[in-house]
Amino acid sequence: MNDLIEQKIREIYSFQEVISNPTCYLYDLNDIKDKIRNIEKNAPSNLSVYYAMKANPNPEILKYIKKFNFVRGIEIASLGELEKAKKVYNASDIIFTGPGKTYKELGEAIVNNIKLINCESIVEAYRINQIAFEKNIKVDILLRINTDYFIDGADEHMAGCSTKMGIDEKEFVKIYQEILNYGNLNIKGIHVFSASGVLEYTYLIKYVKYVFDLVKRLEYAGFNIEIIDFGGGIGIDYTKRNRKFDITSYFAELNELIDIYKFRSKELILELGKYIVGECGYYTTKIIDIKNNKGHRHIITAGGVNHMRLPIATDRKHPVYIIHNNEPHICKYQESVKNDLVDIEGPLCMDEDKISWDEKVEYADIGDVVVLTQSGAYCYTASTLWFLSHEMPKEFILNEKGEIYEA
Ligand SMILES: Cc1ncc(COP(=O)(O)O)c(C=O)c1O
């Protein structure tokens, strides 16, 4: 965490509404800009990048990303996301992915004439076809495959093992043949998102080769593949080592593969979430109490997994920083942390309410602010926000001019 961010967090904690509810997120738009520029600089000519809004649907972030013409559009996963996306993006820039889409969701997507629906099963293809038939239109779809390839070094696997995503590769040709009979669908290609949070680019390159070989086989069998959607997958480092995904080498090798396989005329899609917004976010919460209980130190903060569930949900800690406020002690036996191993826990009455654990903290006092970096993706909206009916954390934006505002 740099000095500017610390200064901005201090500023936020002087606002009245944050003093009374001392928990908030800060999103730095400058970091999002750096990430998008980095992708743009290196991207192959036939690559379209979409923002996976499930990572962070904050409206200011959606609006900001929209300013970059390079980002082709937005990927949604529900009717709620469609409504939010439509406020900022044209329907023709929206693609819809995810298992279990209802008739209502599919119907709305079709009526709005979005760019693509990524179809997760034969039943879903049937439903889309039925709705399209009733409306007498054709709908562009990609068929999602749960490929047989297991990507190493990922935080989470969507394919390469038994999951609810996509159509099993072993069944794929048979199902593809059947769906070709559905007269109101245009099958434009395949969706092969397999794993999220991959920091080592060579693991993704190996997967690209696997998919390109699969596409060659499908084309040889007579299927038409114009679009290959790789979904998300580029990871960020959740440790203070601050390693970076080598996007330059990734795109350089991807470019070579595109030429080797003669795939330049195909559209390749990435639906990126974590890479674009993961590092822009800071979860911050004030220390309310400090205890020593049965030989272990506990820092108790105003917000816990109700605001920041990702670390406990993934069993992976985020980098922790403490901003000192030097508030006067409020009573005689008040404890401070001095070079202790601590658990950092929220106000919920359950032991799993930890935002960090076994964390070595040099110094911390009641009134200081705990900051968890790498909190821009899958944090705010993936938390148990309503549990115990605490107030919601506020969300603040740091813009390009260095101004902060609530969003
Ligand atoms: C269909 C789909 N696309 C894109 C993403 C974004 O993935 P990431 O955050 O790894 O970039 C996800 C995340 O779960 C997803 O389910």
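Computation of the quantities below employed the complete heavy-atom set of this structure, encompassing side-chain atoms and omitting hydrogens, waters and symmetry-equivalent molecules.
Between Lys54 and Glu75, at least one side-chain N (NZ, or NE/NH1/NH2) sits under 4.0 Å from a carboxylate O, which counts as a salt bridge. In summary, Lys244 and Asp237 do not engage in a salt bridge, as defined by a charged side-chain N under 4.0 Å from a carboxylate O. A salt bridge between Glu40 and Lys33 is absent, with no side-chain N of the basic residue lying under 4.0 Å from a carboxylate O of the acidic one. A salt bridge links Lys170 with Asp148: at least one charged nitrogen is closer than 4.0 Å to a carboxylate oxygen. Look at Asp155 and Lys274 and you find a salt bridge, because one of the NZ, NE, NH1 or NH2 atoms lies within 4.0 Å of a carboxylate O, short of that distance.
Side-chain contact check for Leu29 versus Leu398: every heavy-atom pair is 4.5 Å or farther apart. Here the side chains of His390 and Pro347 are in contact, with some heavy-atom distance below 4.5 Å. Counting heavy atoms from C-beta on, the side chains of Val277 and Ile32 come closer than 4.5 Å. When side chains are defined from C-beta on, His329 counts as touching Ser336, because their heavy atoms get closer than 4.5 Å. Residues Ile114 and Phe96 form a side-chain contact, since some pair of their non-hydrogen atoms from C-beta on lies under 4.5 Å apart. Side-chain contact between Glu219 and Ile225: present, with at least one pair of heavy atoms (C-beta onward) separated by less than 4.5 Å. Trp357 is not listed as a side-chain neighbour of Ile344, based on a closest heavy-atom distance of 4.5 Å or more. Counting heavy atoms from C-beta on, the side chains of Ile366 and Ile288 never come closer than 4.5 Å.
Side-chain contact, Asn56 with Asn58: no donor N or O sits under 3.5 Å from an acceptor N or O. Checking Asn146 against Thr163 by side-chain atom types alone, a donor-acceptor pair falls below 3.5 Å. In this model, a donor atom of one side chain and an acceptor atom of the other lie less than 3.5 Å apart for His298 and Glu345. In the model, Asp93 has no side-chain atom that pairs as donor or acceptor with a side-chain atom of Tyr51 under 3.5 Å. When only modelled atom types and interatomic distance are considered, Glu60 and Tyr405 share a side-chain donor-acceptor pair under 3.5 Å. Using a 3.5 Å distance cut-off with no hydrogens or angles, the side chains of Asn255 and Arg264 do pair a donor with an acceptor. In summary, the side chains of Glu124 and Ser121 do not present any donor paired with an acceptor at a separation below 3.5 Å, with no hydrogens or angles considered.
The minimum heavy-atom distance linking Ala407 with Ile397 is given by the pair CB-CG1, 3.4 Å. Taking both residues in full, the closest heavy atoms of Asn325 and Gly367 are given as ND2-O, 2.7 Å, listed atom of the first, atom of the second, then distance. Of all heavy-atom pairs spanning Val192 and Ile190, the tightest one is CG1-CD1, 3.8 Å. For the residue pair Asn129 and Asn184, the shortest heavy atom distance occurs at OD1-N, 2.8 Å. Pro44 and Leu254 get closest at one heavy-atom pair: CG-CD2, 3.8 Å.
Rounding to the nearest 0.5 angstrom, the gap separating the CG atom in Leu26 from the CD atom in Glu406 is 12.0 Å. Separation of atoms CD (Glu11) and CD (Glu6) is listed at 12.5 Å; rounding is to 0.5 Å.
Remark: Tyr363 engages His324 in a ring pair (Phe, Tyr, Trp, His ring centres under 6.0 Å) (not counting sequence neighbours). Shown here are the ring pair (Phe, Tyr, Trp, His ring centres under 6.0 Å) partners of Tyr176, two or more places apart in sequence or in another chain: Phe172, Phe223. For Thr301, there are no side-chain hydrogen bond (donor to acceptor under 3.5 Å, both in side chains) partners, not counting sequence neighbours. For His191, there are no ring pair (Phe, Tyr, Trp, His ring centres under 6.0 Å) partners, not counting sequence neighbours. Considering only residues two or more places apart in sequence or on other chains, Asn186 meets the side-chain hydrogen bond (donor to acceptor under 3.5 Å, both in side chains) condition with Asp140. Every residue meeting the ring pair (Phe, Tyr, Trp, His ring centres under 6.0 Å) condition with Tyr126, not counting sequence neighbours, appears here in chain and number order: Tyr182. Residues that satisfy the side-chain hydrogen bond (donor to acceptor under 3.5 Å, both in side chains) test with Asp289, not counting sequence neighbours, are absent from this structure. Evaluation of the salt bridge (charged side-chain N to carboxylate O under 4.0 Å, His left out) rule for Glu226 yields Lys188 as partners, not counting sequence neighbours. Among residues two or more places apart in sequence or in another chain, the side-chain hydrogen bond (donor to acceptor under 3.5 Å, both in side chains) test is passed with Gln334 by none.
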Could you check Val215 against Phe263 for side-chain contact (heavy atoms from CB on, under 4.5 Å), going step by step and ending with a plain yes or no? CA-CA 10 Å; Val215 169; Phe263 279 177; 3.7 Å; yes
Pair Lys338, Glu362 - check salt bridge (charged side-chain N to carboxylate O under 4.0 Å, His left out), show working. CA-CA 5 Å; Lys338 287 178 192 130; Glu362 232 172 77; over 6 Å; no
Candidate pair Lys394 and Glu17, rule salt bridge (charged side-chain N to carboxylate O under 4.0 Å, His left out), full reasoning: CA-CA 9 Å; Lys394 300 218 172 289; Glu17 64 277 23; over 6 Å; no
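Because its NZ or CZ atom is both nearer than 6.0 Å to the ring centre of Tyr103 and within 45° of the ring axis, Arg127 counts as a cation-pi partner of that residue. By the 6.0 Å and 45° rule, Arg316 stacks over the aromatic ring of Tyr238.
The aromatic rings of Phe212 and Phe230 sit tilted, their planes meeting at an angle between 30° and 60°.
Residues in residues 8-47 take part in these ring pair (Phe, Tyr, Trp, His ring centres under 6.0 Å) pairs, two or more places apart or across chains: Phe15-Phe396, Tyr25-Tyr27, Tyr25-Tyr283, Tyr25-Tyr380. Within the structure, every pair that satisfies the ring pair (Phe, Tyr, Trp, His ring centres under 6.0 Å) test and touches residues 60-83, not counting sequence neighbours, is listed here: Tyr64-Phe68. Here side chain to side chain donor-acceptor pair (under 3.5 Å) pairs that include residues 193-214, with residues two or more places apart or in two chains, are Thr147-Tyr207, Glu169-Tyr210, Glu200-Thr202, Tyr201-Glu253, Asp213-Tyr261.
Ring centroid separation for the pair Phe245 and Tyr250 comes in under the 6.0 Å cut-off.
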